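Beneath this line is the structure, given in structure tokens, with notes to follow.
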Amino acid sequence: MIQLLLLFASLIPASGGKGTLHHKSRVFTEVKEPSDIIPDGKEGFMVVSDNGRIFRTNREGKKIQKSECHGMDFEAITSDNSYYYVSDE
């Protein structure tokens with residue numbers, strides 16, 4: 001399994017000071033060669049892979065759904081709460 005390390009940034013002070021990243025947790029996923037990950041509500045995550053696939057995982061990283069769409073080499077994913085947008089390299 002691939003390990004995803006989730007980092008969360010602290011707020012950057014308005015005075016222009018530097019924020020820091022703090023290790024929050026580790027999640028192991030069944031997704032091979034993950035490229036990007038975004039939260040998917042309270043259910044889990046949406047993950048794109050270098051194999052051109054989009055997966056929905058639960059909070060423990062287990063695949064629960066795979067898209068019918070197949071690209072070449074997905075690198076990033078984002079959402080506007082209506083659609084998912086993926087970049088394909």
Side-chain angles (χ1 to χ4, degrees):
M1 280 197 208
I2 304 297
Q3 176 178 297
L4 296 177
L5 182 61
L6 304 180
L7 299 174
F8 297 92
S10 63
L11 294 177
I12 298 174
S15 64
K18 295 182 180 178
T20 58
L21 294 177
H22 299 281
H23 174 260
K24 185 71 173 171
S25 64
R26 287 176 199 245
V27 175
F28 292 90
T29 182
E30 297 174 344
V31 176
K32 293 182 181 177
E33 298 189 49
S35 295
D36 198 13
I37 181 172
I38 60 171
D40 182 37
K42 295 181 180 177
E43 304 294 318
F45 303 101
M46 295 299 290
V47 181
V48 293
S49 76
D50 283 346
N51 298 322
R53 293 287 190 184
I54 305 169
F55 297 92
R56 177 173 278 125
T57 69
N58 62 16
R59 291 279 178 191
E60 289 75 41
K62 182 177 173 69
K63 291 187 283 191
I64 55 176
Q65 189 175 13
K66 178 172 77 172
S67 71
E68 294 178 15
C69 161
H70 188 262
M72 295 296 293
D73 181 5
F74 290 159
E75 292 299 327
I77 184 170
T78 191
S79 174
D80 65 4
N81 295 322
S82 295
Y83 297 96
Y84 292 103
Y85 301 93
V86 176
S87 69
D88 194 355
E89 187 174 55

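It should be emphasised that the depicted structure is a prediction, and the values quoted were computed from it without experimental measurement.
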- [ ] Please report the closest heavy-atom contact between Ser82 and Ser79, naming both atoms and the distance.
- [x] N-OG, 4.5 Å

Task: Joint hydrophobic cluster, Ile37 plus Met46, side-chain heavy atoms closer than 4.5 Å - done: no

- [ ] Output the distance between atom OG1 (Thr29) and atom CZ (Phe55), rounded to the nearest 0.5 Å.
- [x] 8.5 Å

TODO: Examine Ile38 and Val86 and state if one hydrophobic cluster contains both, with Ile, Leu, Val, Met, Phe, Trp and Tyr joined whenever side-chain heavy atoms are less than 4.5 Å apart.
DONE: yes

Open item on the list: Could you measure the distance from the CG atom of Asp73 to the OG atom of Ser87? Nearest 0.5 Å is fine.
Closed with: 8.5 Å

Open item on the list: Which heavy atom of Ser35 sits nearest to which heavy atom of Ser49, and what is that distance?
Closed with: OG-C, 3.8 Å

TODO: Identify the heavy atoms of Gly41 and Arg59 that sit nearest to each other, and give their distance.
DONE: O-NH2, 3.0 Å

Task: Distance, nearest 0.5 Å, that separates CD of Glu30 from NZ of Lys63 - done: 6.0 Å

Task: Between CZ on residue Phe45 and CD on residue Glu60, distance to nearest 0.5 Å - done: 9.0 Å

Task: Rounded distance (nearest 0.5 Å) linking atom CD1 of Ile54 with atom CZ of Phe74 - done: 5.0 Å

Open item on the list: Within this structure, what is the CE-CG distance for the pair Met72 and Asn51, rounded to the nearest 0.5 Å?
Closed with: 10.5 Å

Open item on the list: If you count every heavy atom of other residues, nucleotides or ligands that lies below 6.0 Å from Glu43 atom CD, does the total exceed 12?
Closed with: no

TODO: With sequence neighbours excluded, give me every salt bridge (Lys or Arg N to Asp or Glu O under 4.0 Å) pair touching residues 47-57.
DONE: Asp40-Arg56

Task: Co-members of the apolar cluster containing Tyr85 [side chain, <4.5 Å] - done: Tyr83

